[in-house]
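Take a look at the structure set out below.
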Amino acid sequence: MKYVSTRGTAPTLTFEEAMLTGLARDGGLYVPDEIPTLSHAQIAAMSGLSYEEIAFQIMKPFVGDTFSDAEFQTLIANAYAGFGHAARAPLVQLGPQHYLLELFHGPTLAFKDFAMQLIGQMFQAALKRNGKRVTIVGATSGDTGSAAIEAFRGLDAVDVFILYPHGRVSEVQRRQMTTPSESNVHAIALDGDFDDCQAVVKDMFNDFDFRDEVALAGVNSINWARVLAQVVYYFTSALSVGAPDRQVSFTVPTGNFGDIFAGYIAKKMGLSIDKLVVATNQNDILHRTLETGAYTKEGVTPSISPSMDIQVSSNFERALFDAYDRDGAAVAQQMDDLKSGGFEISQGAYGVLQDIYASGRASEEETSAQIKTSLAGTGELLCPHSAVGVHVAMDHQSATPMITLATAHPAKFPDAVEAATGQRPDLPSCMADLYDRPERVTRVANDLSAIETLIRERIKT
Ligand SMILES: *Cc1c(COP(=O)(O)O)cnc(C)c1O
């Protein structure tokens with residue numbers, strides 16, 4: 001299978017190349033040139049298989065011959081062995097036709113582990129085989145960074161630099177990034193917000209001399225392999241509530257549009273998905289865009305669901321690419337307009353998006369209230385991101401089963417959860433000493449060349 005850029009002019013790559021590259025050289029994002037489909041019978045036959053077996057079957061056509069079947073199965077097994085639940089992504093019922101998909105049983109307690117643990121395995125295998133090393137640079141609003149550092153710590157073919165917005169991640173997120181002691185992982189606190197971090201990383205990828213010098217690789221949600229790994233749990237969960245014989249809808253707490261875009265890929269592969277509901281917090285650019293057809297940047301207001309405090313939603317570009325019938329030039333034009341504040345989606349493309357996605361937002365008050373009522377009504381303690389999802393899902397309930405994605409463990413955001421419920425969630429016992437471990441972090445200004453210099457120096461030692 002070949003991978004093409006959403007802006008139409010970067011070279012076509014293999015899966016392995018797209019995975020190791022991240023952002024395309026024309027500034028676009030890689031997507032498969034076509035999406036393989038599964039028949040009703042093929043999907044039905046997956047019912048009851050293990051998470052790992054379903055993962056292998058779903059991802060294999062996208063990965064092609066990058067790994068042998070046996071090797072790929074081993075990588076998948078290694079990726080999920082460290083999860084704290086045998087089902088990997090267990091489903092619990094919240095009410096009539098409403099289910100919660102718990103994606104927080106991985107080593108850093110957020111759904112990012114599903115993709116990052118697998119990417120760590122795949123990077124290591126591919127680099128080892130080629131005798132290469134890479135420098136991974138990523139921006140995080142909290143959870144990607146901790147998942148990346150956890151997945152790559154100690155791997156000798158990789159240095160990892162994670163830029164996070166100083167003072168805007170939770171203490172658990174920060175400590176998960178700053179306490180690993182391996183010398184190949186580097187936590188960088190940038191003076192700015194998440195969009196600033198993301199912009200620095202994008203600029204680094206567009207500085208081709210630097211990019212080649214340090215063999216830059218990206219594992220942000222722009223990396224196709226991340227999206228791919230997330231497609232799997234749409235299948236496992238939908239199968240649990242009656243797919244493929246029944247339609248299923250999903251509500252997804254959304255920031256960078258990676259997780260929900262994986263749901264769209266599952267739908268295109270033939271999974272019986274009715275609606276994909278985008279749930280945003282008060283930083284509601286995606287909700288506004290789906291309501292009005294205009295993508296207009298406003299400032300970011302910090303919220304109690306910080307992993308969704310985003311205005312520039314990278315993966316939305318992939319959704320636009322398909323909505324524009326894969327016209328790279330049209331996408332490039334819109335992304336150019338975005339630099340000066342925003343763009344209008346064409347009538348045709350907007351109609352396509354409206355057929356696939358619905359949306360809603362939850363205010364700070366609604367999010368807190370949802371944490372409280374869910375605890376009282378179901379005993380389920382939600383993290384604020386998952387609470388945004390559950391709140392929005394309630395407005396989209398119908399006779400079709402709704403699965404809401406729970407994207408993080410409540411103990412990752414204990415202050416917001418305690419404020420809402422009076423109950424302070426405990427960290428799982430394997431992480432109980434997180435608050436006692438020494439931290440290691442470098443604080444930097446929002447300055448591209450200074451950060452590039454820092455990276456050059458660090459990878460030499
Ligand atoms: C990353 C993250 C999100 C948003 O996911 P996207 O793929 O960026 O849309 C939501 N909740 C949590 C807890 C996250 O870590």
Side-chain angles (χ1 to χ4, degrees), residues 29 100-116 119 138-150 162 164-165 168-170 172-174 176-177 194-195 197-198 219-231 233-234 250-265 276-281 283-287 289-290 300 303-319 357 359 361-362 367 371 382-392 404-414 416-417 425:
L29 279 63
L100 190 74
L101 180 58
E102 293 185 350
L103 299 175
F104 51 70
H105 296 284
T108 69
L109 309 180
F111 83 88
K112 306 285 197 303
D113 289 323
F114 278 89
M116 212 61 86
I119 277 212
T140 187
S141 53
D143 295 327
T144 299
S146 46
I149 284 176
E150 183 64 37
I162 296 297
Y164 69 86
R168 297 203 191 193
V169 300
S170 83
V172 175
Q173 290 176 318
R174 190 190 74 234
Q176 285 179 336
M177 292 188 276
F194 170 68
D195 287 331
C197 295
Q198 197 161 240
V219 295
N220 267 96
S221 63
I222 54 169
N223 192 307
W224 169 257
R226 289 268 310 272
V227 174
L228 177 59
Q230 292 166 192
V231 174
Y233 47 69
Y234 285 89
F250 286 89
T251 299
V252 186
T254 304
N256 242 334
F257 215 80
D259 209 3
I260 193 156
F261 190 74
Y264 164 74
I265 296 296
L276 289 163
V277 183
V278 170
T280 73
N281 65 24
N283 297 295
D284 61 354
I285 186 162
L286 291 166
H287 173 51
T289 302
L290 289 165
V300 174
S303 78
I304 57 172
S305 44
S307 303
M308 293 155 44
D309 289 347
I310 287 172
Q311 287 294 299
V312 180
S313 186
S314 321
N315 274 291
F316 193 61
E317 179 166 342
R318 287 190 162 114
Y357 303 102
S359 68
R361 85 194 279 278
T367 305
I371 296 174
L382 299 173
C383 94
H385 310 78
S386 312
V388 167
V390 170
H391 177 84
V392 170
T404 298
L405 274 54
T407 50
H409 191 285
K412 224 169 167 179
F413 304 92
V417 172

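Side chains included, hydrogens not; waters and symmetry mates left out as well; all remaining heavy atoms used. Values in this document were obtained by computation on a predicted structure and should not be read as measured data. Just so you know, ligand 1 is whichever comes first in the structure, and atom 1 is the first atom listed for that ligand.
Between Thr144 and Asn220, some side-chain heavy-atom pair lies under the 4.5 Å cut-off.
Between the side chains of His287 and Ser359, at least one donor N or O lies within less than 3.5 Å of an accepting N or O. No side-chain donor-acceptor contact under 3.5 Å links Ser307 and Lys112. Judged purely by distance below 3.5 Å, without hydrogens or angles, the side chains of Tyr264 and Asn315 never pair a donor atom with an acceptor atom. Side-chain contact of Asn223 with Arg226: a donor-acceptor pair under 3.5 Å is absent, judged by distance alone.
Looking only at distances, a side-chain donor or acceptor of Gln198 sits under 3.5 Å from a matching main-chain atom of Val312.
Protein residues are said to neighbour a ligand when one of their heavy atoms lies under 4.0 Å from it; for ligand 1 these are Phe111, Lys112, Asp143, Pro253, Thr254, Gly255, Asn256, Phe257, Gly258, Asp259, Ser307, Met308, His385, Thr407, Ala408.
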